[in-house]
Amino acid sequence: MKPVIALVGRPNVGKSTLFNRMTKSRDAIVADFAGLTRDRHYGQGRQGKREYIVIDTGGFEPDASSGIFKEMAKQTRQAVAEADVVVFVVDVRLGLSAQDHEIAGYLRRLGKPALLVGNKAEGMKDGSQLSEFYELGLGEVYPVSAAHGQGIRSLIDMALDKVQWLDEEEDAGEADGPQPIRLAVAGRPNVGKSTLINTWLGEERLVAFDMAGTTRDAISVPFEKNGQQFELIDTAGLRRKGRVFEAIEKFSVVKTLQAIEGANVVLLLLDATQGVTDQDAHIAGYILESGRAVVLAVNKWDALDDYGRQMLERSIEMRLSFMKFAPMHFISAKKRQGLGPLWTSLIQAHKAATCKMPTPVLTRLLLESVQFQTPKKVGPYRPKLRYAHQGGMNPPVIVIHGNSLEHVTDAYKRFLEGRFRKEFNLVGTPLRIEFKTSHNPYADKD
(Lines give C-alpha, C1' and ligand atoms only; values in the text may rest on other atoms or scores of the structure.)
Protein backbone atom coordinates (compact mmCIF):
# COMPACT_ATOMS: atom_id res chain seq x y z
CA MET A 1 0.00 0.00 0.00
CA LYS A 2 1.11 3.55 -0.73
CA PRO A 3 1.88 5.74 2.30
CA VAL A 4 -0.64 8.53 2.99
CA ILE A 5 0.43 12.11 3.83
CA ALA A 6 -2.19 14.53 5.22
CA LEU A 7 -1.70 18.32 5.01
CA VAL A 8 -3.29 20.23 7.90
CA GLY A 9 -3.16 23.80 9.13
CA ARG A 10 -5.27 26.91 9.63
CA PRO A 11 -6.90 28.59 6.61
CA ASN A 12 -4.82 30.24 3.86
CA VAL A 13 -1.36 28.97 4.89
CA GLY A 14 -0.74 27.36 1.47
CA LYS A 15 -1.86 23.75 1.93
CA SER A 16 -3.48 23.51 -1.52
CA THR A 17 -0.41 25.07 -3.19
CA LEU A 18 1.77 22.51 -1.40
CA PHE A 19 -0.66 19.74 -2.45
CA ASN A 20 -0.28 20.76 -6.10
CA ARG A 21 3.53 20.74 -5.74
CA MET A 22 3.58 17.31 -4.11
CA THR A 23 1.24 15.80 -6.72
CA LYS A 24 2.76 17.78 -9.66
CA SER A 25 -0.74 18.77 -10.70
CA ARG A 26 -3.23 21.62 -10.52
CA ASP A 27 -5.99 19.50 -9.02
CA ALA A 28 -6.59 21.77 -6.02
CA ILE A 29 -7.98 25.26 -6.57
CA VAL A 30 -5.54 27.88 -5.28
CA ALA A 31 -6.33 31.53 -4.57
CA ASP A 32 -5.57 34.20 -1.96
CA PHE A 33 -8.83 33.44 -0.21
CA ALA A 34 -9.26 31.95 3.28
CA GLY A 35 -11.47 28.87 3.59
CA LEU A 36 -11.41 27.90 -0.07
CA THR A 37 -10.82 24.15 0.46
CA ARG A 38 -13.60 22.44 2.40
CA ASP A 39 -13.53 18.71 1.61
CA ARG A 40 -10.75 16.15 1.77
CA HIS A 41 -8.98 16.12 -1.57
CA TYR A 42 -6.84 13.12 -2.56
CA GLY A 43 -3.96 13.11 -5.03
CA GLN A 44 -1.26 10.70 -6.20
CA GLY A 45 2.42 11.62 -6.07
CA ARG A 46 5.77 10.07 -6.92
CA GLN A 47 9.36 10.91 -6.07
CA GLY A 48 11.86 8.62 -7.77
CA LYS A 49 10.52 5.10 -7.29
CA ARG A 50 8.54 6.02 -4.21
CA GLU A 51 4.82 6.59 -4.65
CA TYR A 52 2.47 8.17 -2.11
CA ILE A 53 -1.01 9.64 -1.59
CA VAL A 54 -1.52 13.24 -0.42
CA ILE A 55 -4.67 14.52 1.29
CA ASP A 56 -5.45 18.25 1.13
CA THR A 57 -7.78 19.49 3.87
CA GLY A 58 -9.69 22.65 4.71
CA GLY A 59 -8.64 25.18 7.32
CA PHE A 60 -8.61 23.32 10.65
CA GLU A 61 -10.37 24.73 13.70
CA PRO A 62 -10.31 21.88 16.27
CA ASP A 63 -12.75 23.61 18.64
CA ALA A 64 -15.30 24.69 16.00
CA SER A 65 -18.74 23.97 17.49
CA SER A 66 -21.18 24.80 14.69
CA GLY A 67 -21.71 25.63 11.05
CA ILE A 68 -19.49 24.89 8.08
CA PHE A 69 -16.29 25.11 10.17
CA LYS A 70 -17.44 22.20 12.33
CA GLU A 71 -18.00 20.11 9.18
CA MET A 72 -14.57 21.11 7.82
CA ALA A 73 -12.92 20.15 11.12
CA LYS A 74 -14.63 16.74 10.95
CA GLN A 75 -13.18 16.23 7.45
CA THR A 76 -9.68 17.13 8.67
CA ARG A 77 -9.88 14.74 11.64
CA GLN A 78 -10.88 11.95 9.27
CA ALA A 79 -7.92 12.79 6.99
CA VAL A 80 -5.52 12.68 9.96
CA ALA A 81 -6.97 9.32 11.02
CA GLU A 82 -6.36 7.91 7.52
CA ALA A 83 -2.82 9.30 7.21
CA ASP A 84 0.48 7.59 7.99
CA VAL A 85 2.21 10.94 8.55
CA VAL A 86 0.81 14.45 9.08
CA VAL A 87 2.40 17.59 7.62
CA PHE A 88 1.38 20.57 9.77
CA VAL A 89 1.69 23.72 7.64
CA VAL A 90 2.19 27.14 9.28
CA ASP A 91 2.61 30.59 7.72
CA VAL A 92 6.08 31.96 8.54
CA ARG A 93 5.22 35.48 7.38
CA LEU A 94 2.09 35.83 9.51
CA GLY A 95 3.77 34.27 12.56
CA LEU A 96 2.42 32.05 15.31
CA SER A 97 -1.28 32.19 16.20
CA ALA A 98 -3.56 30.75 18.88
CA GLN A 99 -5.10 28.49 16.24
CA ASP A 100 -1.66 27.01 15.52
CA HIS A 101 -1.35 26.15 19.22
CA GLU A 102 -4.75 24.40 19.15
CA ILE A 103 -3.82 22.30 16.12
CA ALA A 104 -0.40 21.42 17.58
CA GLY A 105 -2.05 20.34 20.83
CA TYR A 106 -4.44 18.09 18.92
CA LEU A 107 -1.58 16.47 16.96
CA ARG A 108 0.52 15.95 20.11
CA ARG A 109 -2.38 14.22 21.85
CA LEU A 110 -2.89 11.99 18.81
CA GLY A 111 0.74 10.85 18.82
CA LYS A 112 0.87 10.31 15.05
CA PRO A 113 4.16 11.01 13.16
CA ALA A 114 4.11 14.70 12.23
CA LEU A 115 6.31 17.25 10.44
CA LEU A 116 6.11 20.98 11.20
CA VAL A 117 6.52 22.92 7.94
CA GLY A 118 7.03 26.69 7.76
CA ASN A 119 5.58 27.79 4.41
CA LYS A 120 6.23 31.08 2.56
CA ALA A 121 9.85 31.06 3.78
CA GLU A 122 11.37 32.28 0.51
CA GLY A 123 14.13 34.87 1.01
CA MET A 124 14.49 34.19 4.75
CA LYS A 125 18.20 33.41 5.04
CA ASP A 126 18.84 33.62 8.76
CA GLY A 127 15.74 31.62 9.79
CA SER A 128 15.05 33.81 12.83
CA GLN A 129 11.36 33.97 11.88
CA LEU A 130 11.13 30.21 12.42
CA SER A 131 12.28 30.28 16.04
CA GLU A 132 8.88 31.16 17.57
CA PHE A 133 7.31 27.99 16.08
CA TYR A 134 9.50 25.72 18.23
CA GLU A 135 7.20 26.43 21.18
CA LEU A 136 4.53 24.28 19.46
CA GLY A 137 6.45 21.25 20.75
CA LEU A 138 6.57 19.38 17.43
CA GLY A 139 10.35 19.46 17.00
CA GLU A 140 12.26 20.87 14.01
CA VAL A 141 10.62 23.47 11.76
CA TYR A 142 11.29 22.81 8.06
CA PRO A 143 11.19 25.96 5.89
CA VAL A 144 9.66 25.61 2.39
CA SER A 145 8.09 27.80 -0.27
CA ALA A 146 5.20 25.97 -1.94
CA ALA A 147 4.63 28.84 -4.36
CA HIS A 148 8.26 28.77 -5.58
CA GLY A 149 8.90 25.04 -5.15
CA GLN A 150 11.72 25.47 -2.62
CA GLY A 151 12.38 22.61 -0.18
CA ILE A 152 9.56 20.39 -1.52
CA ARG A 153 11.73 17.41 -2.49
CA SER A 154 13.42 17.35 0.93
CA LEU A 155 10.03 17.62 2.63
CA ILE A 156 8.65 14.64 0.70
CA ASP A 157 11.74 12.56 1.52
CA MET A 158 11.42 13.37 5.24
CA ALA A 159 7.69 12.55 5.25
CA LEU A 160 8.26 9.21 3.51
CA ASP A 161 11.16 8.36 5.85
CA LYS A 162 8.71 8.57 8.77
CA VAL A 163 6.53 5.88 7.19
CA GLN A 164 7.34 2.20 7.49
CA TRP A 165 8.02 1.41 3.83
CA LEU A 166 6.35 -1.58 2.17
CA ASP A 167 7.69 -3.83 -0.57
CA GLU A 168 7.71 -2.19 -4.01
CA GLU A 169 6.51 -5.49 -5.50
CA GLU A 170 3.33 -5.28 -3.45
CA ASP A 171 2.64 -1.80 -4.82
CA ALA A 172 3.35 -2.91 -8.39
CA GLY A 173 0.81 -5.72 -8.04
CA GLU A 174 -1.88 -3.28 -6.94
CA ALA A 175 -1.28 -0.96 -9.91
CA ASP A 176 -2.24 -3.66 -12.42
CA GLY A 177 -5.87 -4.39 -13.29
CA PRO A 178 -8.86 -2.71 -14.94
CA GLN A 179 -9.29 1.04 -14.69
CA PRO A 180 -12.12 2.31 -12.44
CA ILE A 181 -15.26 3.87 -13.95
CA ARG A 182 -15.12 7.64 -13.48
CA LEU A 183 -18.57 8.75 -12.29
CA ALA A 184 -19.21 12.51 -12.00
CA VAL A 185 -22.22 13.78 -10.03
CA ALA A 186 -23.31 17.11 -11.53
CA GLY A 187 -26.17 19.54 -10.97
CA ARG A 188 -27.13 22.92 -9.60
CA PRO A 189 -25.95 24.06 -6.14
CA ASN A 190 -27.62 22.43 -3.13
CA VAL A 191 -29.44 19.59 -4.94
CA GLY A 192 -27.80 16.96 -2.72
CA LYS A 193 -24.72 15.81 -4.66
CA SER A 194 -22.43 15.51 -1.61
CA THR A 195 -25.23 13.94 0.46
CA LEU A 196 -25.75 11.27 -2.21
CA ILE A 197 -22.04 10.37 -2.32
CA ASN A 198 -21.87 10.25 1.48
CA THR A 199 -24.89 7.89 1.46
CA TRP A 200 -23.16 5.61 -1.05
CA LEU A 201 -19.95 5.58 0.99
CA GLY A 202 -21.65 5.10 4.33
CA GLU A 203 -19.64 7.93 5.91
CA GLU A 204 -19.54 11.72 5.94
CA ARG A 205 -16.74 11.82 3.41
CA LEU A 206 -17.78 15.19 1.92
CA VAL A 207 -19.08 18.32 3.60
CA ALA A 208 -22.87 18.26 3.18
CA PHE A 209 -24.38 21.49 4.50
CA ASP A 210 -27.64 23.32 3.83
CA MET A 211 -25.94 26.19 2.01
CA ALA A 212 -25.62 26.60 -1.75
CA GLY A 213 -22.01 26.42 -2.95
CA THR A 214 -20.60 24.30 -0.09
CA THR A 215 -18.53 22.20 -2.52
CA ARG A 216 -16.08 24.37 -4.44
CA ASP A 217 -13.69 21.86 -5.96
CA ALA A 218 -14.18 18.66 -7.96
CA ILE A 219 -13.53 16.03 -5.27
CA SER A 220 -12.57 12.49 -6.31
CA VAL A 221 -13.32 9.48 -4.05
CA PRO A 222 -12.47 5.80 -4.77
CA PHE A 223 -15.39 3.40 -4.30
CA GLU A 224 -16.19 -0.28 -4.95
CA LYS A 225 -19.64 -1.67 -5.76
CA ASN A 226 -20.25 -5.39 -6.41
CA GLY A 227 -16.59 -5.92 -7.33
CA GLN A 228 -16.54 -2.97 -9.78
CA GLN A 229 -14.12 -0.13 -9.01
CA PHE A 230 -15.49 3.41 -9.33
CA GLU A 231 -14.03 6.88 -8.95
CA LEU A 232 -16.81 9.12 -7.62
CA ILE A 233 -16.39 12.81 -8.51
CA ASP A 234 -18.40 15.35 -6.52
CA THR A 235 -18.57 18.59 -8.50
CA ALA A 236 -19.35 22.16 -7.54
CA GLY A 237 -22.91 23.21 -8.37
CA LEU A 238 -23.19 25.13 -11.64
CA ARG A 239 -25.04 28.43 -11.39
CA ARG A 240 -26.17 30.63 -14.26
CA LYS A 241 -23.22 32.58 -15.67
CA GLY A 242 -24.75 35.93 -14.62
CA ARG A 243 -24.90 34.82 -10.99
CA VAL A 244 -21.29 33.70 -10.64
CA PHE A 245 -19.85 36.69 -8.79
CA GLU A 246 -16.79 35.38 -6.94
CA ALA A 247 -13.63 34.55 -8.87
CA ILE A 248 -13.45 31.39 -6.74
CA GLU A 249 -16.83 30.24 -8.08
CA LYS A 250 -15.63 30.81 -11.63
CA PHE A 251 -12.70 28.48 -10.95
CA SER A 252 -15.18 25.95 -9.52
CA VAL A 253 -17.25 26.08 -12.70
CA VAL A 254 -14.13 25.32 -14.76
CA LYS A 255 -13.29 22.38 -12.48
CA THR A 256 -16.84 21.04 -12.82
CA LEU A 257 -16.76 21.25 -16.62
CA GLN A 258 -13.36 19.53 -16.64
CA ALA A 259 -14.75 16.78 -14.38
CA ILE A 260 -17.66 16.20 -16.79
CA GLU A 261 -15.27 16.08 -19.75
CA GLY A 262 -13.03 13.55 -17.98
CA ALA A 263 -15.83 11.30 -16.68
CA ASN A 264 -17.03 8.03 -18.20
CA VAL A 265 -20.57 8.49 -16.86
CA VAL A 266 -22.32 11.60 -15.51
CA LEU A 267 -25.17 11.47 -13.00
CA LEU A 268 -27.27 14.63 -13.49
CA LEU A 269 -29.02 15.32 -10.19
CA LEU A 270 -32.24 17.37 -10.14
CA ASP A 271 -34.06 18.84 -7.13
CA ALA A 272 -37.70 17.68 -6.96
CA THR A 273 -38.66 20.58 -4.70
CA GLN A 274 -37.45 23.22 -7.18
CA GLY A 275 -38.51 21.62 -10.47
CA VAL A 276 -36.58 21.73 -13.74
CA THR A 277 -34.89 25.09 -14.28
CA ASP A 278 -33.12 26.67 -17.25
CA GLN A 279 -29.83 25.89 -15.52
CA ASP A 280 -30.69 22.17 -15.35
CA ALA A 281 -31.31 22.22 -19.11
CA HIS A 282 -28.03 24.11 -19.63
CA ILE A 283 -26.02 21.51 -17.66
CA ALA A 284 -27.78 18.67 -19.52
CA GLY A 285 -26.91 20.36 -22.81
CA TYR A 286 -23.24 20.60 -21.83
CA ILE A 287 -23.16 16.90 -20.88
CA LEU A 288 -24.75 16.01 -24.22
CA GLU A 289 -22.29 18.23 -26.09
CA SER A 290 -19.34 16.59 -24.34
CA GLY A 291 -20.67 13.16 -25.37
CA ARG A 292 -20.71 11.63 -21.90
CA ALA A 293 -23.02 8.79 -20.90
CA VAL A 294 -25.67 10.21 -18.57
CA VAL A 295 -28.32 9.09 -16.09
CA LEU A 296 -30.95 11.45 -14.61
CA ALA A 297 -31.84 11.27 -10.92
CA VAL A 298 -34.52 13.38 -9.23
CA ASN A 299 -33.53 13.85 -5.57
CA LYS A 300 -35.85 14.74 -2.65
CA TRP A 301 -38.67 12.83 -4.39
CA ASP A 302 -40.16 11.98 -0.98
CA ALA A 303 -40.90 15.68 -0.36
CA LEU A 304 -43.61 15.85 -3.10
CA ASP A 305 -47.25 14.78 -3.06
CA ASP A 306 -48.87 12.91 -5.97
CA TYR A 307 -49.92 16.06 -7.82
CA GLY A 308 -46.45 17.58 -7.48
CA ARG A 309 -44.87 14.41 -8.83
CA GLN A 310 -47.13 14.36 -11.89
CA MET A 311 -46.36 18.01 -12.68
CA LEU A 312 -42.63 17.45 -12.24
CA GLU A 313 -42.62 14.41 -14.57
CA ARG A 314 -44.43 16.47 -17.20
CA SER A 315 -41.95 19.34 -16.77
CA ILE A 316 -38.95 16.99 -17.19
CA GLU A 317 -40.51 15.46 -20.29
CA MET A 318 -40.95 18.93 -21.86
CA ARG A 319 -37.75 20.71 -20.82
CA LEU A 320 -35.32 17.80 -21.12
CA SER A 321 -36.86 16.19 -24.19
CA PHE A 322 -33.40 16.03 -25.84
CA MET A 323 -32.32 13.59 -23.07
CA LYS A 324 -34.91 10.91 -23.83
CA PHE A 325 -32.17 8.29 -24.21
CA ALA A 326 -31.14 8.78 -20.54
CA PRO A 327 -32.84 6.60 -17.90
CA MET A 328 -34.51 8.56 -15.10
CA HIS A 329 -34.79 7.59 -11.42
CA PHE A 330 -36.65 9.15 -8.51
CA ILE A 331 -34.60 8.94 -5.32
CA SER A 332 -34.08 10.26 -1.81
CA ALA A 333 -30.38 10.44 -0.91
CA LYS A 334 -31.09 11.02 2.79
CA LYS A 335 -33.55 8.15 3.12
CA ARG A 336 -31.58 5.82 0.78
CA GLN A 337 -34.61 5.30 -1.47
CA GLY A 338 -34.24 4.19 -5.10
CA LEU A 339 -30.43 3.84 -5.04
CA GLY A 340 -30.28 0.18 -6.14
CA PRO A 341 -31.92 0.64 -9.58
CA LEU A 342 -29.86 3.82 -10.02
CA TRP A 343 -26.61 1.81 -9.83
CA THR A 344 -27.94 -0.65 -12.41
CA SER A 345 -28.60 2.19 -14.86
CA LEU A 346 -25.18 3.78 -14.26
CA ILE A 347 -23.37 0.53 -15.06
CA GLN A 348 -25.64 -0.06 -18.07
CA ALA A 349 -24.93 3.46 -19.39
CA HIS A 350 -21.17 2.86 -19.14
CA LYS A 351 -21.54 -0.48 -20.90
CA ALA A 352 -23.51 1.17 -23.71
CA ALA A 353 -20.99 4.02 -24.08
CA THR A 354 -18.12 1.54 -24.53
CA CYS A 355 -20.09 -0.94 -26.67
CA LYS A 356 -18.30 -2.55 -29.64
CA MET A 357 -20.41 -2.69 -32.80
CA PRO A 358 -19.11 -5.08 -35.51
CA THR A 359 -19.09 -3.71 -39.07
CA PRO A 360 -21.07 -6.67 -40.58
CA VAL A 361 -23.86 -6.21 -38.01
CA LEU A 362 -23.99 -2.44 -38.58
CA THR A 363 -24.07 -2.82 -42.36
CA ARG A 364 -26.77 -5.51 -42.23
CA LEU A 365 -28.88 -3.33 -39.92
CA LEU A 366 -28.37 -0.30 -42.19
CA LEU A 367 -29.49 -2.17 -45.32
CA GLU A 368 -32.50 -3.62 -43.48
CA SER A 369 -33.46 -0.10 -42.38
CA VAL A 370 -33.19 1.24 -45.94
CA GLN A 371 -35.32 -1.64 -47.18
CA PHE A 372 -37.91 -0.95 -44.49
CA GLN A 373 -37.99 2.80 -45.16
CA THR A 374 -36.17 4.41 -48.11
CA PRO A 375 -34.61 7.86 -47.56
CA LYS A 376 -36.72 10.72 -48.89
CA LYS A 377 -35.80 12.10 -52.31
CA VAL A 378 -34.60 15.73 -52.19
CA GLY A 379 -34.92 17.37 -55.63
CA PRO A 380 -33.16 15.15 -58.19
CA TYR A 381 -31.15 13.37 -55.45
CA ARG A 382 -32.02 10.28 -53.45
CA PRO A 383 -29.39 9.37 -50.83
CA LYS A 384 -27.88 5.90 -51.22
CA LEU A 385 -26.62 4.32 -47.99
CA ARG A 386 -24.16 1.52 -48.72
CA TYR A 387 -22.35 0.38 -45.54
CA ALA A 388 -21.57 1.44 -41.94
CA HIS A 389 -18.81 0.93 -39.39
CA GLN A 390 -17.99 2.11 -35.86
CA GLY A 391 -15.94 5.30 -35.67
CA GLY A 392 -15.40 5.64 -31.92
CA MET A 393 -16.57 4.93 -28.37
CA ASN A 394 -17.70 7.00 -25.39
CA PRO A 395 -19.78 8.27 -27.12
CA PRO A 396 -20.40 5.61 -29.76
CA VAL A 397 -19.91 6.96 -33.29
CA ILE A 398 -21.34 5.24 -36.39
CA VAL A 399 -19.95 6.26 -39.78
CA ILE A 400 -22.21 5.64 -42.79
CA HIS A 401 -20.81 5.69 -46.34
CA GLY A 402 -22.75 6.21 -49.56
CA ASN A 403 -23.77 8.78 -52.20
CA SER A 404 -25.61 12.10 -51.83
CA LEU A 405 -25.69 11.65 -48.04
CA GLU A 406 -25.74 15.42 -47.45
CA HIS A 407 -29.43 15.22 -48.46
CA VAL A 408 -30.39 12.81 -45.66
CA THR A 409 -33.12 14.52 -43.60
CA ASP A 410 -33.04 14.96 -39.81
CA ALA A 411 -36.14 12.77 -39.53
CA TYR A 412 -34.36 9.91 -41.29
CA LYS A 413 -31.30 10.37 -39.04
CA ARG A 414 -33.57 9.94 -36.00
CA PHE A 415 -35.12 6.84 -37.60
CA LEU A 416 -31.65 5.29 -38.08
CA GLU A 417 -30.59 6.24 -34.57
CA GLY A 418 -33.64 4.48 -33.12
CA ARG A 419 -32.84 1.28 -35.07
CA PHE A 420 -29.20 1.28 -33.94
CA ARG A 421 -30.14 2.00 -30.31
CA LYS A 422 -32.63 -0.86 -30.22
CA GLU A 423 -30.21 -3.36 -31.78
CA PHE A 424 -27.29 -2.61 -29.42
CA ASN A 425 -29.34 -1.55 -26.35
CA LEU A 426 -27.69 1.89 -26.27
CA VAL A 427 -29.41 3.28 -23.16
CA GLY A 428 -27.94 6.26 -21.35
CA THR A 429 -25.39 7.31 -23.95
CA PRO A 430 -25.49 9.82 -26.82
CA LEU A 431 -25.10 8.28 -30.26
CA ARG A 432 -23.41 10.20 -33.07
CA ILE A 433 -24.01 9.30 -36.70
CA GLU A 434 -21.63 10.69 -39.32
CA PHE A 435 -22.23 10.56 -43.08
CA LYS A 436 -19.41 10.31 -45.59
CA THR A 437 -20.31 10.80 -49.24
CA SER A 438 -18.17 9.02 -51.79
CA HIS A 439 -16.38 11.34 -54.19
CA ASN A 440 -17.13 10.95 -57.91
CA PRO A 441 -13.74 10.66 -59.68
CA TYR A 442 -15.23 11.85 -62.98
CA ALA A 443 -17.00 14.93 -61.60
CA ASP A 444 -14.09 17.33 -62.37
CA LYS A 445 -13.34 15.94 -65.84
CA ASP A 446 -14.72 17.36 -69.10
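Numbers here simply count residues along the sequence, with the first being 1.
Salt-bridge formation is detected for the pair Lys335/Asp302: a Lys NZ or Arg NE/NH1/NH2 atom is positioned less than 4.0 Å from an Asp or Glu carboxylate oxygen. The pair Arg50-Asp161 counts as a salt bridge, with a side-chain nitrogen and a carboxylate oxygen less than 4.0 angstrom apart. Under a 4.0 Å N-O distance rule, the pair Glu417/Lys413 does not qualify as a salt bridge.
Between Leu268 and Ile283, the closest heavy-atom pair is CD1-CG2, 3.8 Å. Of all heavy-atom pairs between Phe424 and Pro358, the closest is CE2-CD, 4.2 Å. Between Lys112 and Val80, the shortest heavy-atom distance links the atoms NZ-O, 2.9 Å. Nearest approach of Ala121 to Val92, heavy atoms of both residues: CB-CG2, 4.4 Å. Scanning both residues, Leu362 and Met357, for their nearest heavy atoms gives CD1-O, 3.7 Å. The minimum heavy-atom distance linking Leu296 with Leu267 is given by the pair C-CD1, 4.5 Å.
A distance-only check finds a donor-acceptor pair linking the side chain of Arg182 to the backbone of Gly262 [under 3.5 Å]. Using modelled atom types, no side-chain atom of Asp91 and backbone atom of Val13 make a donor-acceptor pair closer than 3.5 Å. Side-chain atoms of Arg432 do not come within 3.5 Å of backbone N or O of Ile398 as any donor-acceptor pair. With hydrogens and angles ignored, the 3.5 Å screen pairs a side-chain donor or acceptor of Tyr52 with a backbone N or O of Met22. In terms of modelled atom types and a separation under 3.5 Å, the side chain of Arg21 and the main chain of Ala146 share a donor-acceptor contact. Using a distance-only test at 3.5 Å, with no hydrogens or angles considered, no donor-acceptor pair links the side chain of Ser154 to the main chain of Gly151. The closest donor-acceptor contact from the side chain of Arg93 to the backbone of Asn119 lies at 3.5 Å or more, if one exists at all. Using a distance-only test at 3.5 Å, with no hydrogens or angles considered, no donor-acceptor pair links the side chain of Gln390 to the main chain of Thr359. Between the side chain of Thr23 and the backbone N or O of Phe19, at least one donor-acceptor pair lies under 3.5 Å. With Lys120 contributing its side chain and Val90 its backbone, the two residues share no donor-acceptor pair below 3.5 Å.
When the shell of 6.0 Å around CZ of Arg108 is examined, it contains more than 12 heavy atoms from other residues, nucleotides or ligands.
Counting heavy atoms from C-beta outward, Phe420 and Ile433 have side chains that approach closer than 4.5 Å. A heavy-atom distance below 4.5 Å is not found between the side chains of Met393 and Cys355. Proximity of Leu416 to Leu366: side-chain heavy atoms (C-beta onward) are separated by under 4.5 Å at one or more points. Glu434 places none of its side-chain heavy atoms less than 4.5 Å from the side chain of Ile400. At a threshold of 4.5 Å between non-hydrogen side-chain atoms, the residues Val298 and His329 do not count as touching. Here the side chains of Leu155 and Val117 are in contact, with some heavy-atom distance below 4.5 Å. The side-chain heavy atoms of Ile233 and Leu183, taken from C-beta on, include no pair separated by under 4.5 Å. Put simply, the side chain of Pro3 does not reach to within 4.5 Å of the side chain of Val85, judged on heavy atoms.
Rounded to the nearest 0.5 angstrom, Ile152 CD1 and Gln47 CD are separated by 10.0 Å. Note that CG of Leu115 is 5.0 Å distant from NZ of Lys162, once rounded to the nearest 0.5 Å. Residue Leu107 holds its CG atom at 9.5 Å from CG of Leu116, rounded to the nearest 0.5 Å. Atom CG of Leu426 and atom CD of Gln348 lie 10.0 Å apart (nearest 0.5 Å). In this structure, CD1 on Ile197 lies 6.5 Å from CH2 on Trp200, to the nearest 0.5 angstrom. Expressed to the nearest 0.5 Å, how far CG of Leu312 lies from CZ of Arg309 amounts to 10.0 Å.
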Working for side chain to side chain contact (heavy atoms under 4.5 Å, CB included), residues Ile5 and Leu160:
CA-CA 8 Å; Ile5 304 169; Leu160 294 178; 4.2 Å; yes
Side chain to side chain contact (heavy atoms under 4.5 Å, CB included) between Ile347 and Phe230: does it pass, once the steps are laid out?
CA-CA 10 Å; Ile347 294 171; Phe230 288 87; 3.9 Å; yes
Can you check salt bridge (charged side-chain N to carboxylate O under 4.0 Å, His left out) on Asp271 and Lys300, steps first, answer last?
CA-CA 6 Å; Asp271 189 333; Lys300 309 177 187 178; 3.0 Å; yes
Please test Tyr134 against Leu96 for side chain to side chain contact (heavy atoms under 4.5 Å, CB included), starting from the C-alpha separation and ending with a verdict.
CA-CA 10 Å; Tyr134 283 90; Leu96 195 60; over 6 Å; no
How far apart are the C-alpha atoms of Asp100 and Ser97, what are their side-chain angles, what is the distance that settles it, and do they pass the side-chain hydrogen bond (donor to acceptor under 3.5 Å, both in side chains) test?
CA-CA 5 Å; Asp100 290 329; Ser97 71; 3.3 Å; yes
Could you check Ile55 against Val4 for side chain to side chain contact (heavy atoms under 4.5 Å, CB included), going step by step and ending with a plain yes or no?
CA-CA 7 Å; Ile55 312 177; Val4 179; 3.5 Å; yes
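Counting only N and O atoms by type, the side chains of Asn394 and Thr354 include no donor and acceptor under 3.5 Å apart. No side-chain N or O of Asn198 forms a donor-acceptor pair with one of Thr195 less than 3.5 Å apart. Gln229 and Glu224 are linked by a side-chain donor-acceptor pair at a separation below 3.5 angstrom, with hydrogens and angles left out of the test. Side-chain atoms of Asp280 and Thr277 include a donor-acceptor pair closer than 3.5 Å. A donor and an acceptor atom, one from each side chain of Gln150 and Ser145, are nowhere located under 3.5 Å apart.
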Under 3.5 Å, which donor-acceptor pairs do the side chains of residues 317-327 form with other protein atoms, sequence neighbours left out?
{"from": "Arg319", "atom 1": "NH1", "to": "Val276", "atom 2": "O", "distance (Å)": "3.0"}
{"from": "Arg319", "atom 1": "NH2", "to": "Asp278", "atom 2": "OD1", "distance (Å)": "2.1"}

Check: residues 336-344 side-chain donor-acceptor pairs under 3.5 Å, at least two apart:
{"from": "Arg336", "atom 1": "NH1", "to": "Thr199", "atom 2": "O", "distance (Å)": "2.8"}
{"from": "Thr344", "atom 1": "OG1", "to": "Gly340", "atom 2": "O", "distance (Å)": "3.4"}

